[in-house]
Amino acid sequence: MTKRKHSSKLVDGPLQAASRSMLRGVGFSSEDFKKPLVGIASTWSKVTPCNMHINDLAEIVEQSIDESNCKAVLFNTITVSDGISMGTEGMKYSLVSREVIADSIETVVGCLGYDGLVAIGGCDKNMPGALIGMARLNRPSLFIYGGSIKPSHENTDYVTVCEKTGEYAKGDISEDELIRIEEISVKGPGSCGGMYTANTMASAIEALGMSLPGSSSQDAISNNKKQDCKEAGAAIEHLIELDLKPSDIMTKEAFENAITAVIALGGSTNAVLHLLAMADAIGVDLHLDDFSRIGENVPVIADIKPFGNHFMSELNEQGGISPVLKMLLDKNLLHGDCLTVTGKTLAENLEDISPYNSSQGIIKSLEDPIKGSSHLRILYGNLAPEGAVAKITGQEGTIFEGKARVFNSEEDGNQAILNKEIKAGDVVVIRYEGPKGGPGMREMLKPTSAIMGQGLGDKVAFVTDGRFSGGTHGFVVGHISPEAEVGGPIALIEDDDLIRIDAESNELILLVDVEILQERKRNLKNINTSPKKGVLAKYKNLVGSASKGAVTDSYDQ
C-alpha cells in the first residue's frame, strides 16, 4: 500500500508539473515530492494565552516531521477565547468556532492532499474541532495539546478573578483588591490551569488514544511539551506506514475510555457535548445515556479545581494522568485493547507506568474517592424530556427544590445576581441561550461565579439551556433539551414555579400541573430575535440539539 495515498494524485507525473511548481515556491525540493505530505494544523493566535505559543510548538513538530521520511506543511486555523468573551454577545461565537475549526482543517487537508495530519490546540474548542476534522478526513492523524498554564504565586487563576468579581459586587472586597488579583492571575502561555474544559478535553483525547502518552499532562512552557512535539514526526510516519486511521482508534470502546477518564478527573460538562460531537463525526453511536451507564461504576478521584484544591500543573509534577489511567485499567474500568496513535494498545502504553507517590494528595484512591460515582449527571423529566447535564460533586448536596427566577438572557440573569436580587432557595433559570436560541449556547461562568462570590454556591441552583464553563461549580444544570427556542418546556417556566433537581434519581422536574403547562404552551410567543445573516445565522439554521452534541452536519438531522 502506498504511503502517499492522497498526495500522489497532486504531485506525481508530468501533468502535475504546475502543482509541483507552486510547491517549489514554498520550499519543496524534488526529493520532497517522493515523501508523504503531513499537514500541521496550528491554532496559533495572540488573542489568548492558551494559544500564543502554539507556533513555537508547531515549528518543533515541523522539524521533527521533516527529519522523518515525511514532508511537513504548516497551516493555521482560528481560535477564539471563551475567557475574554465570557458574559458578552461575543461568547455566542465560541461553540460556533468548533465547527469553523473542523471545517477549515477538513478544507485544507482535503484540498491539498495531505497523507497525514498533526493538529496542535490550546483553547477549549480547538481540541474537539481538530478531532472532528480528523474524523471527517479519516487519514493518519494525531493531536498535540498546547499544555496548561501555571497558577500565580498566590495560587490564583482566571476563575479566581471571575469569583472575585462576585465578592466585589457583594461588597466583600474593594475594587483595588479585585484589580490586584486580575493583574497577577494570568501570566504567560497555556490553557486555564484547573480541570476546566481545555484540560478535560486534552485528558479525554489522550484516553481516547488520539494523542501521544503524556500529551495532556505537560505544562505549556516545559521541556516535556517540547519533547512531545519532537516525537510527533516519528509517530505520524509510523501511523502512515501502518495506515492507522482515526476510525481504527476512535471506536465506541475508546469513547467509553474517554468518558471514564473525564469522570475520574472531575472534568467539565462540556466534555459531554464535545465527545458526542466527535463520536458523531466518526460514526460511533454514542448517547447521553452512555455517560450515566459508565458513571455508575466510575468514582471521582481528582482533587483538582474548580471544586477541588489543586491545579493541573501540580498533577503534571506527579506524573500527569497516566497513573490515573493505569489505576482505572487495573480495576477493569478501561478497555485496554483499544489501539492508540502509538500503534500500540492503551494497555501496552501503560504497561511501565509507575503509581503516584503515596504522599501526593491530589489523586485519591479508587477505594476512598471524592465521590463514589460520576459528578456528571444526565437528568430527565418534564423539564428536560431529551435530557440535561448536571455537574454535581455532592459538596452542594444532591437534591435541590426551589422557586424559579426566570431570565430570557444571560445578561439579565447576571445583572440580577450582581444586584443581590437572588436569594437562598432560588433556582435561577436562564433560557433562550441554547444552540439555536443563542445562537451559540453561551457558557454561564459569569453568573455562576457571581453566585459563588456572593456565598450562595450551596444555597442557589442554576438551570439553563445554555452550557457551563469547565470553571463552573455549584448546583448547576445545563444543556436542557429541547431548548426554549424550539418551544421546549424551559420556555414555559414562570417566576415562582417550583423546580426539583434530583441527582440521586437523575430527574429534573417542573412542579406545575400538566393543564397549566398546556395552556402556557398554547399561548407561548418566542421573544427571541435571530441574526439575519453571517456565521451565527448559518449556525442557527444548521445546528441540532445539545442532547446530540450540537452538531451541524449529523446524518440524522
Side-chain angles (χ1 to χ4, degrees), residues 26-27 37-66 70-85 90 93-109 111-112 114 116-134 137 141-150 158 186-193 196-199 201-202 205 210-212 215-216 218-233 235-236 312 535:
V26 295
L37 302 188
V38 177
I40 305 170
S42 168
T43 58
W44 171 85
S45 174
K46 283 195 174 181
V47 304
T48 171
C50 311
N51 294 68
M52 62 187 287
H53 65 305
I54 296 292
N55 265 4
D56 295 335
L57 301 180
E59 288 173 359
I60 298 173
V61 173
E62 183 180 28
Q63 182 178 346
S64 76
I65 291 172
D66 285 342
C70 300
K71 172 61 180 173
V73 187
L74 178 58
F75 66 94
N76 266 77
T77 183
I78 68 157
T79 193
V80 298
S81 173
D82 297 0
I84 297 171
S85 63
Y93 290 88
S94 171
L95 189 56
V96 176
S97 77
R98 185 187 75 180
E99 310 307 306
V100 176
I101 291 164
D103 291 349
S104 63
I105 290 174
E106 179 192 358
T107 299
V108 174
V109 175
C111 174
L112 297 173
Y114 300 148
L117 171 64
V118 177
I120 314 171
C123 203
D124 295 9
K125 308 310 169 300
N126 301 167
M127 286 168 268
L131 268 290
I132 291 168
M134 289 174 177
L137 291 158
S141 304
L142 67 86
F143 178 80
I144 295 173
Y145 179 41
S148 185
I149 196 172
K150 285 183 176 290
Y158 166 77
V186 181
K187 297 284 189 180
S191 298
C192 294
Y196 312 142
T197 302
N199 281 316
M201 290 311 303
I205 290 167
M210 286 299 293
S211 60
L212 292 174
S215 185
S216 67
Q218 297 154 345
D219 293 340
I221 303 302
S222 67
N223 289 330
N224 287 337
K225 181 47 63 185
K226 291 178 182 177
Q227 186 61 34
D228 186 30
C229 296
K230 289 176 182 177
E231 293 172 359
I236 194 68
M312 190 69 184
V535 68

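- Under the side chain to side chain contact (heavy atoms under 4.5 Å, CB included) test applied with Y145, the options L57, I120, N199 reduce to a single match, N199.
- Listed here is the closest heavy atom pair of A235 and L142: CB-CD2, 3.6 Å.
- Residues satisfying the side chain to side chain donor-acceptor pair (under 3.5 Å) test with S42, not counting sequence neighbours, are N55.
- Within the structure, salt bridge (Lys or Arg N to Asp or Glu O under 4.0 Å) contacts touching residues 221-231 (residues at least two apart or in different chains) are K225-D228.
- Residues meeting the salt bridge (charged side-chain N to carboxylate O under 4.0 Å, His left out) test with D82, sequence neighbours left out: K125.
- For the atom pair CH2 (W44) and CE (M52), the distance works out to 10.0 Å, reported to the nearest 0.5 Å.
- S104 is linked by a side chain to side chain contact (heavy atoms under 4.5 Å, CB included) to T77, counting only residues two or more places apart in sequence or in another chain.
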Residue pair I205, S216: steps toward the side chain to side chain contact (heavy atoms under 4.5 Å, CB included) verdict: CA-CA 8 Å; I205 290 167; S216 67; over 6 Å; no
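- Within the structure, no pair that satisfies the salt bridge (Lys or Arg N to Asp or Glu O under 4.0 Å) test touches residues 40-52, not counting sequence neighbours.
- Interatomic distance, D219 CG to S191 OG, rounded to the nearest 0.5 Å: 11.0 Å.
- Here the shortest heavy-atom pairing between F143 and S211 reads O-CB, 3.0 Å.
- The two residues I144 and S215 have their closest heavy-atom pair at CA-OG, 3.8 Å.
- With rounding to the nearest 0.5 angstrom, the CD1 atom of I54 is 7.0 Å from the CG atom of N126.
- A search for side chain to side chain contact (heavy atoms under 4.5 Å, CB included) contacts involving A102 returns I132, R136, not counting sequence neighbours.
- In this structure, the side chain to side chain contact (heavy atoms under 4.5 Å, CB included) partners of A72, at least two apart in sequence or on a different chain, are I40, E62, I65, D66.
- For the atom pair I105 CD1 and M134 CE, the distance stands at 6.5 Å (nearest 0.5 Å).
- We find the NZ-CD1 distance between K187 and I221 to be 15.0 Å, quoted to the nearest 0.5 Å.
- Taking all atoms of both residues into account, the shortest heavy-atom contact from A220 to G190 is CB-CA, 3.5 Å.
- Among residues two or more places apart in sequence or in another chain, the side chain to side chain contact (heavy atoms under 4.5 Å, CB included) test is passed with C192 by Y158, Y196.
- The side chain to side chain donor-acceptor pair (under 3.5 Å) search around S141 returns none, not counting sequence neighbours.
- Heavy-atom minimum distance, T48 versus S81: CB-CB, 3.8 Å.
- Inspection of the N51 and S45 side chains reveals no N or O donor paired with an N or O acceptor under 3.5 Å.
- Partners of Q63 according to the side chain to side chain donor-acceptor pair (under 3.5 Å) rule, which considers only residues two or more places apart in sequence or in another chain, are E67.
- When all heavy atoms of V47 and I84 are compared, the pair lying nearest together is O-CD1, 2.9 Å.
- Residues T43 and C123 fail the side-chain proximity criterion, which asks for heavy atoms closer than 4.5 Å.
- With rounding to the nearest 0.5 angstrom, the CG atom of L137 is 12.0 Å from the OH atom of Y114.
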